[in-house]
Amino acid sequence: MRPAASRFGRWSGRPPTRECGEATAASRARSADLSESRSETPAGDGAAPDDAAPVGDVPSIYIARLADHVGELVELRGWVDKRRSSGKIGFLELRDGSPDTVQGVVSRKEVDESSWEAMQAATQESTVRLVGRVVEDARAPSGYELHVSELEVLQATEEYPITPKEHGTAFLMENRHLWLRSSRQRAILRVRSAAIAAIREFFDRRDYVLIDSPILTPAACEGTSTLFETDYFGDPAYLSQSGQLYLEPAAAAFGKVYCFGPTFRAEKSKTRRHLMEFWMVEPEVAFLEFDGLCALAEEFLAAVVGRVLERCRGELESLERDVSVLERVQAPFPRMRYREAIELLQGEGKELQFGDDFGAEEETILASQFDRPLMITHYPVASKAFYMQPDAEDPELALALDVIAPEGYGEIIGGSQRIHDHDLLARRIDQHELPRQAFQWYLDIRRYGAFPHSGFGMGLERFVAWLTRSPHLRETIPYPRMLHKIYP
RNA sequence: UCCUCGGUAGCUCAAUGGUAGAGCGUUCGGCUGUUAACCGAAAUGUUGGGGGUUCAAGUCCCUCCCGAGGAGCCA
């Protein structure tokens, strides 16, 4: 940290030297954009002119753009991902945020003394600046290498905690802020980012309006889960466990709406399938009835999985994900009524009765019967939330839908048609011993222009865990919040 | 909250109740094509805390703390 500090000025404040003299209008405009373009993500579709920042005669580029500069001299800046060295040649694997890393080859006879010394000082995770020529090389995993002519260490890192060998999850979780740099974590979080983009795109293209539901709420949404309580100017307030109830009024204003934000559950769950804070996307659609809801969930999953497959092939490959499982996510999905599921499980030797909930093991048995997501419908009213519409043909059954992901990832989607009859909903609120006063606004939706409507919620982390076949949800969110764990 | 397993070097792990070990990382040296590079050398310990049994405890007993997995609950 010592001598490097003085180098940061040069690092961040380097003036674009082509500014004066023969600078064209275009190059001047690009130089003015310097700071902005440099902070852009390097993994874009190719639109970002990140190579528009000249340093002397050498363009400063991202690894993702190497292919456009074969044979040219370029500057790269980033972190030493790995380093291997021999007596007179060194290999420095550079990471700059691009999906791939690139290997810089530093040959003693081709660089000056200070660059060679820098090679010795460039320990794992040191920040470095490389200038060199881009060459194609079949030996390089990404197909390109940088033949380094100049190497500068911006900060030499000492004793980086995460070594190239194995580590336990407890240690990695304590170092989550550093673990993010690892290739596997980068791939998973890129898939998460792409999944979020695909989800938004799905709804935006279908003219849904994004409604941000509140995170601080005055009372329990569904009255079931344990909630985080906080002090709201002397009154208790709770962190939201679902945006759905707040979405229903908005559906009367905009027809098709969705929310997508963090959700909080204070359940003392301590399994690979639980987080205290997770992200949930919830669409809600006016005049959509149960069959339409099932079709929407099906279309949604197929479209989003398809988009992620398009955009994250490389990430899924590096995670050694069997993408054929994801390629099969095409409508129609298998469907099964709750009663059939119970019978199937009884046939497997499970001692289950009508009315019982499925545990993780039961869900896995059911899902393993099929090669794509399984839709289970028509659950007993008693086992579901108070607002779910009863089936007209059998009022003991709720028009509820769960989608179970294959491969043991459990329920990723839960949804239902909502009760739109005022008196029935009021009765249910009373039966569940919920405070009628607190739900007055919710009942209002059934007083002023009632309409049938349906919606579902999908837990983002479970979805991403399934996409990436992650063993635990904690790897699918940048900073997981787990039972008694809130660091870093 | 309950059940199971665990806590030894910075990390991953060994060690019949009898001298505290290895690999990686670090430091030093060697090596011109390495891909978790390789070869040689060195430094690194309050064995999670407290109490007990014993001639002797990393090891056995009690207790507390911390971690991992699972159950319940859920997305």
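Per chain, numbering begins at 1; letters A, B, ... match sequence-line order.
Figure legend: A:Arg481 and A:Tyr479 shown without cation-pi pairing, the cationic atom not lying both under 6.0 angstrom from the six-membered ring centre and within 45 degrees of its axis.
Within the 4.0 angstrom heavy-atom criterion, base atoms lie near A:Gln103. Residue contacts shown for A:His167 are limited to sugar-phosphate atoms, with no base heavy atom under 4.0 Å away. At the heavy-atom level, A:Leu460 lies nowhere under 4.0 Å from the strands shown. Backbone-only engagement by A:Lys82 is indicated by non-hydrogen atom pairs under 4.0 Å involving sugar-phosphate atoms exclusively. Within 4.0 Å of A:Phe171, counting heavy atoms only, lie sugar-phosphate atoms of the nucleic acid but no base atom.
Side-chain atoms of A:Glu145 lie closest to B:U34 of the nucleotides B:G70, B:U34, B:A75. The side chain of A:Arg474 sits closest to B:G69 out of B:G33, B:G72, B:G69.
Taking the six-membered ring for Trp and the full ring otherwise, A:Phe439 and A:Tyr387 have centroids separated by 6.0 Å or more. The distance between the ring centers of A:Tyr338 and A:Phe354 falls below 6.0 angstrom. A centroid separation of less than 6.0 Å is found between the aromatic rings of A:Phe456 and A:Phe300.
How far OG of A:Ser85 is from CZ of A:Arg108: 11.0 Å, rounded to the nearest 0.5 Å.
Distance CZ (A:Arg272) to C1' (B:C73): 17 Å, rounded to an integer number of Å. Note: CD (A:Glu475) to P (B:A68) measures 13 Å, nearest angstrom. To the nearest angstrom, P of B:A68 lies 8 Å from CE of A:Met173. A straight line from CD of A:Glu267 to C1' of B:A71 spans 13 Å, rounded to a whole angstrom. The CG atom of A:Asp81 sits 15 Å away from the C1' atom of B:U34 (whole-angstrom rounding). Distance CG (A:Leu483) to C1' (B:A68): 12 Å, rounded to an integer number of Å. Rounded to whole angstrom, the span from the CD1 atom of A:Ile486 across to the P atom of B:G67 amounts to 13 Å. Put simply, NZ on A:Lys270 is 11 Å from P on B:C66, counting in whole angstrom units.
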Step by step, would you call A:Glu461 with A:Arg474 a salt bridge (charged side-chain N to carboxylate O under 4.0 Å, His left out)? CA-CA 8 Å; A:Glu461 287 75 15; A:Arg474 65 183 157 221; over 6 Å; no

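Evaluation of the ring-ring contact (aromatic ring centres under 6.0 Å, His included) test over residues 98-155 of chain A, restricted to residues two or more places apart or in two chains, returns none.
Look at A:His472 and you'll find a side-chain N or O under 4.0 angstrom from OP1 or OP2 of B:G69. Contact annotation: A:Arg273 reaches the phosphate of B:A71 (side-chain N/O to OP1 or OP2, under 4.0 Å).
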Filtered N/O pairs between nucleotides 20-30 of chain B and protein, under 3.5 Å:
none

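Rounded to a whole angstrom, the distance from the C1' atom of B:U44 to that of B:C38 is 24 Å. B:A43 and B:G17 are spaced 31 Å apart, taking the C1' atom of each and rounding to whole Å. Rounded to the nearest Å, the gap between the C1' atom of B:G23 and that of B:U19 is 22 Å. For the P atom pair drawn from B:G21 and B:U27, the interatomic distance equals 25 Å after rounding to whole Å. To the nearest whole angstrom, the two P atoms, one in B:G49 and one in B:G10, are 13 Å apart. B:G51 and B:A15 have their P atoms separated by 27 Å, given to the nearest Å. Nucleotides B:G50 and B:C66 place their C1' atoms 15 Å apart, quoted to the nearest Å. A gap of 33 Å separates the C1' atoms of B:U26 and B:G18, to the nearest Å.
Closest non-hydrogen pair, A:Glu363 versus A:Glu411, comes out as OE1-N, 3.5 Å. Nearest heavy atoms, A:Phe358 versus A:Ala341: CZ-CB, 3.7 Å.
Across the interface with RNA chain B, nearest-nucleotide mapping of A:Leu275 and A:Lys485 shows A:Lys485 to be the residue nearer the 5′ end. In terms of position along RNA chain B, the nucleotide closest to A:Pro161 lies nearer the 5' end than the nucleotide closest to the other residue of the pair A:Pro161 and A:Met482.
Counting non-hydrogen atoms of other residues, nucleotides and ligands closer than 6.0 Å to CD of A:Gln353 gives a total of 12 or fewer.
Aromatic stacking is not marked for A:Phe91 over B:G33, as the cut-offs of 5.5 Å for the centres and 30° for the planes do not both hold.
Checking side-chain atoms of A:Glu93 against main-chain N and O of A:Asp81 turns up no donor-acceptor pair under 3.5 Å. Remark: side-chain polar atoms of A:Thr263 are not paired, donor with acceptor, to backbone N or O of A:Gln241 under 3.5 angstrom.
The base of B:G33 has none of its N or O atoms less than 3.5 Å from a complementary donor or acceptor on the side chain of A:Ser86. A donor and an acceptor atom never sit less than 3.5 Å apart when one is taken from the side chain of A:Arg84 and the other from the base of B:C31.
Stems are defined here as 3 or more consecutive Watson-Crick or G-U wobble pairs with pairing distances under 3.5 Å; those involving RNA chain B are B:1-7 with B:65-71, B:10-13 with B:21-24, B:26-30 with B:38-42, B:48-52 with B:60-64.
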